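All of these numbers come straight from a predicted model, not from anything done at the bench.
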Amino acid sequence: MLWYIAAGSAIGGVSRYLVGSLLQRLTGTGFPAGTLLINVSGSFLLGLIVQYAIETSAVSPELRGFLTIGFCGGYTTFSTFSYESLALIEDGQWTRAGLYILLSVALSIAAALLGVLAARQLIAIRTAG
């Protein structure tokens with residue numbers, strides 16, 4: 001199990017770097033859009049994977065560990081989110097900090113919900129067919 005988690009973490013970490021770097025280059029450096037996208041998409045993926053794994057036998061414990069603890073754990077960046085929020089506050093950018101915190105939390109929770117709903121739809125399609 002440890003090797004599955006380690007491999008997932010490595011892939012998730014590299015994915016976080018690639019996605020975050022690309023988005024920051026595209027949007028500029030004034031707002032941590034890369035971290036925001038990673039947190040939201042990671043929340044969606046975690047919601048989808050966990051819900052699907054709980055309700056079906058299609059996901060082995062090893063694959064679940066690889067995807068959830070490994071990939072999603074390496075991919076999402078809550079510690080980076082916390083640091084970037086603090087940096088915005090320390091720079092006196094209260095509005096940007098508030099917007100970033102609000103969007104990160106609200107969109108990530110919404111994305112996790114969408115992931116759960118998507119998993120339920122996949123399960124319904126799988127059981128109907």
Side-chain angles (χ1 to χ4, degrees):
M1 181 62 85
L2 292 177
W3 289 110
Y4 287 98
I5 293 169
S9 294
I11 295 167
V14 169
S15 298
R16 175 179 69 212
Y17 171 76
L18 293 173
V19 170
S21 297
L22 175 65
L23 193 56
Q24 280 312 123
R25 278 194 303 269
L26 293 174
T27 62
T29 59
F31 185 81
T35 304
L36 178 61
L37 174 66
I38 289 163
N39 286 338
V40 172
S41 61
S43 296
F44 172 81
L45 286 172
L46 189 63
L48 175 76
I49 294 162
V50 169
Q51 189 66 32
Y52 194 82
I54 287 171
E55 292 193 27
T56 71
S57 60
V59 181
S60 69
E62 293 82 8
L63 181 58
R64 183 176 176 183
F66 172 85
L67 293 171
T68 59
I69 300 167
F71 181 83
C72 288
Y75 178 71
T76 57
T77 56
F78 193 77
S79 58
T80 304
F81 156 74
S82 300
Y83 180 80
E84 289 173 341
S85 297
L86 179 61
L88 288 169
I89 291 167
E90 286 184 337
D91 287 344
Q93 298 183 45
W94 290 93
T95 302
R96 282 186 179 209
L99 180 63
Y100 181 51
I101 292 165
L102 177 68
L103 287 173
S104 292
V105 173
L107 292 174
S108 293
I109 291 170
L113 173 62
L114 290 174
V116 167
L117 295 175
R120 289 180 181 158
Q121 287 296 319
L122 288 172
I123 292 164
I125 291 167
R126 184 173 178 230
T127 56

Without placing hydrogens or testing angles, list every side-chain donor-acceptor pair under 3.5 Å for residues 119-129, not counting sequence neighbours.
unit_1 : atom_1 : unit_2 : atom_2 : d
T127   : OG1    : I123   : O      : 3.0
T127   : OG1    : A124   : O      : 3.2

Notebook entry, point to check: Can you find a heavy atom in the side chain of L48 that is under 4.5 Å from one in the side chain of V116?
Noted result: no
Notebook entry, point to check: Looking at CG of N39 and CG of L46, how far apart are the two atoms once the value is rounded to the nearest 0.5 Å?
Noted result: 12.0 Å
Item checked: Any donor-acceptor N/O pair, S60 side chain to L63 backbone, under 3.5 Å -> yes
Next item on the list: Supply the atom-to-atom distance I69 CD1 to L2 CG, rounded to the nearest 0.5 angstrom.
Entry: 9.5 Å
Check: Can F81 be reached from L88 by stepping across I, L, V, M, F, W or Y side chains whose heavy atoms are under 4.5 Å apart?
Finding: yes
Check: Distance from L107 atom CG to L114 atom CG, nearest 0.5 Å?
Finding: 10.0 Å
Checklist line | Close side-chain approach of V50 to R64, heavy-atom, < 4.5 Å | finding: yes
Notebook entry, point to check: Can I49 be reached from F78 by stepping across I, L, V, M, F, W or Y side chains whose heavy atoms are under 4.5 Å apart?
Noted result: no
Please list every donor-acceptor pair under 3.5 Å in which a side-chain atom of residues 92-100 meets a protein atom from a residue at least two apart or in another chain.
unit_1 : atom_1 : unit_2 : atom_2 : d
R96    : NH1    : G30    : O      : 2.3
Y100   : OH     : E84    : OE1    : 2.9

Next item on the list: Compare all side-chain heavy atoms of I101 with those of S104 and state whether any distance is below 4.5 angstrom.
Entry: no
Next item on the list: Is it possible for you to say whether Y4 and L45 belong to one hydrophobic cluster, with membership spreading through side-chain heavy-atom contacts below 4.5 Å?
Entry: yes
Notebook entry, point to check: When the ring planes of Y75 and F71 are compared, do they come out parallel, tilted or perpendicular, using 30° and 60° as the limits?
Noted result: parallel
Next item on the list: Consider only side-chain heavy atoms of I, L, V, M, F, W and Y, link residues closer than 4.5 Å, and tell whether V59 and F66 are in one cluster.
Entry: yes
Margin query: Please determine whether the number of non-hydrogen atoms from other residues, nucleotides or ligands lying under 6.0 Å from atom CG of L26 exceeds 12.
Written below: yes
Check: Can you get from L103 to V40 by hopping between Ile, Leu, Val, Met, Phe, Trp and Tyr side chains that sit under 4.5 Å apart?
Finding: yes
Run the side-chain donor-acceptor check on residues 11-24: report pairs under 3.5 Å with partners two or more places apart or on a different chain.
unit_1 : atom_1 : unit_2 : atom_2 : d
S15    : OG     : I11    : O      : 2.8
R16    : NH1    : G74    : O      : 2.9
R16    : NH1    : T76    : O      : 3.4
S21    : OG     : Y17    : O      : 2.7
Q24    : OE1    : A33    : N      : 2.9
Q24    : OE1    : G34    : N      : 2.7
Q24    : NE2    : G28    : O      : 2.9
Q24    : NE2    : F31    : O      : 3.4

Note to self: So, taking the atom named OG1 in T77 and the one named CD1 in I38, what distance separates them when rounded to the nearest 0.5 Å?
What the structure shows: 5.0 Å
